[in-house]
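The sequence lines fix the lettering, A, B, ..., with proteins before strands; numbering per chain opens at 1.
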Number of protein chains: 2
Amino acid sequence: MDQVEIFKALSNKTRLQILGWLKEPELNFPEQQNADFENVGVCVGQIQLKSGLSQSTISEYLSILQRADLISSTRVGQWTYYKRNKEGLEKLSEIINTAL
Amino acid sequence: MDQVEIFKALSNKTRLQILGWLKEPELNFPEQQNADFENVGVCVGQIQLKSGLSQSTISEYLSILQRADLISSTRVGQWTYYKRNKEGLEKLSEIINTAL
DNA sequence: TTGGCATATCGGGAAAAGTCGATATACATT
DNA sequence: AATGTATATCGACTTTTCCCGATATGCCAA
């Protein structure tokens, strides 16, 4: 993954917020019932609702974050759940500490 | 400084390179004579030369990086020297570790 | 004070990103 | 099979970013 693409993914207020929300899902998405936050995460619809942007926009934002390895997804039935990707974020931390 | 602006500043290959070059100026700018890398840094012309982009572009890129607190500048005569801003980079590291 | 550098700023054209509504796909229920 | 729901993709339009050349500014030397 290109470093520039990671930073581009983070260059947007909503995408940064999403990442923040996914850091504490139980706090930010209390309405999601039967949630297995640890293993699957939060579904697109909940994130879209919270963001106030359109469904298509959020779907695209999530795939941008995923391409940057900052989140990962799991499909369960008709839902796609997204969660924080710890490894990707650690790698980002490392980039900043070693390359910049 | 807005977090988004910091990441925007980093969302460009050349700007990332500049930051990398300024991390080890003595290595990346050996041609700069009488250089006080520690205190003042590297002048715009050297950075421009190395980047291959136009003078105006590099001047603007440097001010973008400076606005994001990632570098700082010192004017000496007709030259402006830029250097890495350790504090800003540490703050960025902290943002990633606490907010995302 | 005039001319010459180094850097900054301005104006613009091309490319990319932001964002939407409409449509497609995929799955679940009846 | 038909309908309903969740998400993804497409096409379009607007805004922002990239990057340039031209010009302005600031400083120094003759």
Side-chain angles (χ1 to χ4, degrees), chain A residues 2-19 21-22 29 31-36 40-68 70-83, chain B residues 2-19 21-22 29 31-36 40-68 70-83:
Chain A
D2 186 10
Q3 290 182 196
V4 176
E5 292 305 312
I6 300 175
F7 290 117
K8 277 188 186 169
L10 295 168
S11 299
N12 176 283
K13 180 149 164 289
T14 304
R15 289 195 298 265
L16 276 180
Q17 285 179 323
I18 292 173
L19 235 33
W21 294 336
L22 292 182
F29 301 95
E31 55 285 336
Q32 182 167 308
Q33 301 298 333
N34 305 331
D36 183 356
V40 297
V42 181
C43 74
V44 180
Q46 295 295 325
I47 298 172
Q48 191 232 320
L49 223 66
K50 197 168 174 86
S51 75
L53 294 185
S54 75
Q55 190 273 318
S56 54
T57 298
I58 292 306
S59 178
E60 177 163 12
Y61 280 9
L62 289 169
S63 85
I64 290 173
L65 288 169
Q66 177 161 236
R67 270 199 301 279
L70 298 168
I71 61 178
S72 63
S73 69
T74 318
R75 193 117 223 239
V76 178
Q78 43 196 152
W79 293 273
T80 308
Y81 294 88
Y82 284 93
K83 66 172 180 179
Chain B
D2 184 12
Q3 290 182 194
V4 176
E5 293 304 312
I6 300 176
F7 290 117
K8 278 188 185 169
L10 295 169
S11 299
N12 175 281
K13 181 149 163 287
T14 304
R15 290 195 297 265
L16 275 180
Q17 284 179 323
I18 292 174
L19 234 35
W21 295 336
L22 292 181
F29 301 95
E31 56 288 332
Q32 183 167 304
Q33 302 298 332
N34 305 330
D36 184 357
V40 296
V42 181
C43 74
V44 179
Q46 295 296 325
I47 298 171
Q48 191 231 318
L49 222 65
K50 198 168 173 86
S51 75
L53 295 185
S54 76
Q55 190 273 317
S56 55
T57 298
I58 293 306
S59 178
E60 178 165 12
Y61 281 8
L62 289 168
S63 85
I64 290 173
L65 288 169
Q66 177 161 236
R67 269 201 301 280
L70 298 168
I71 62 179
S72 64
S73 69
T74 318
R75 191 117 223 238
V76 177
Q78 43 195 153
W79 292 274
T80 308
Y81 295 88
Y82 284 92
K83 65 172 181 181

key: d(CD1, A/Ile64; C1', C/dA17) in whole Å   = 8 Å

key: Pairwise distance CG(A/Leu65) to CG(A/Asn12) - rounded to 0.5 angstrom   = 8.5 Å

remark   = Rounded to whole Å, CZ of B/Arg67 lies from P of D/dT17 at a distance of 10 Å

query = To the nearest angstrom, how far is B/Ile47 atom CD1 from C/dA6 atom C1'?
reply = 13 Å

message = Rounded to whole Å, please give me the gap between CD in B/Gln48 and C1' in D/dC20.
response = 12 Å

query = Which part of the nucleic acid, if any, lies within reach of B/Tyr61 when heavy atoms closer than 4.0 Å are counted: base, sugar-phosphate only, or nothing?
reply = sugar-phosphate

remark   = B/Leu49 CG to C/dA6 P, in whole Å, measures 11 Å

ask   = Between A/Asp2 (CG) and C/dA16 (P), how many Å, whole number?
value = 14 Å

Between the protein and nucleotides 20-23 of chain C, are there any N/O to N/O pairs under 3.5 Å, and if so, what are the atom names and distances?
{"from": "C/dC20", "atom 1": "OP2", "to": "A/Ser54", "atom 2": "N", "distance (Å)": "2.9"}
{"from": "C/dC20", "atom 1": "OP2", "to": "A/Ser54", "atom 2": "OG", "distance (Å)": "3.1"}
{"from": "C/dC20", "atom 1": "OP2", "to": "A/Thr57", "atom 2": "OG1", "distance (Å)": "2.8"}
{"from": "C/dG21", "atom 1": "N7", "to": "A/Ser56", "atom 2": "OG", "distance (Å)": "3.4"}
{"from": "C/dG21", "atom 1": "O6", "to": "A/Ser56", "atom 2": "OG", "distance (Å)": "2.9"}

request  = Using the test side-chain hydrogen bond (donor to acceptor under 3.5 Å, both in side chains), find all partners of B/Ser11 that sit at least two apart in sequence or belong to another chain.
outcome  = A/Ser11

query = When rounded to the nearest 0.5 angstrom, what distance separates CZ in A/Arg15 from CG in A/Leu10?
reply = 8.0 Å

key: Among D/dC19, D/dT17, D/dA8, the nucleotide that comes nearest once only the side chain of A/Ser59 is considered   = D/dA8

note = Rounded to whole Å, NZ of A/Lys8 lies from C1' of D/dT16 at a distance of 12 Å

query = Going 5' to 3' along nucleotides 24-30 of chain D, which nucleotides have protein heavy atoms under 4.0 Å from the base (write B), which only from the sugar-phosphate (write S), and which from neither (write -)?
reply = --BBS--

inquiry  = So, using side-chain hydrogen bond (donor to acceptor under 3.5 Å, both in side chains) as the criterion, who are the partners of B/Gln66 when residues are at least two apart?
reply    = B/Ser73

N/O (side chain, A/Asn12) to phosphate O (OP1/OP2, D/dT16) under 4.0 Å = no

ask   = In whole Å, what is the span from the CG atom of B/Leu10 to the C1' atom of D/dT17?
value = 15 Å

query = Which is true for B/Ser11 with a 4.0 Å heavy-atom rule: it touches a base, it touches only sugar-phosphate, or it touches nothing?
reply = sugar-phosphate

For B/Thr57, side-chain hydrogen bond (donor to acceptor under 3.5 Å, both in side chains) partners two or more places apart = B/Ser54

note = Separation between CG (B/Leu53) and CD1 (B/Ile18), nearest 0.5 Å, reads 8.0 Å

task = Working to the nearest 0.5 Å, report the span between CD of B/Gln17 and OH of B/Tyr61.
result = 10.5 Å

ask   = Looking at residues at least two apart in the chain, or sitting in another chain, which of them share a side-chain hydrogen bond (donor to acceptor under 3.5 Å, both in side chains) with B/Tyr81?
value = none

Side-chain N or O of B/Tyr82 closer than 4.0 Å to phosphate OP1/OP2 of C/dA8 = yes

ask   = How far does CD1 of A/Ile47 sit from CD1 of A/Ile71, to the nearest 0.5 angstrom?
value = 6.5 Å

task = Look at A/Arg15 and C/dG18 and indicate whether a side-chain polar atom (N or O) is within less than 4.0 Å of OP1 or OP2.
result = yes

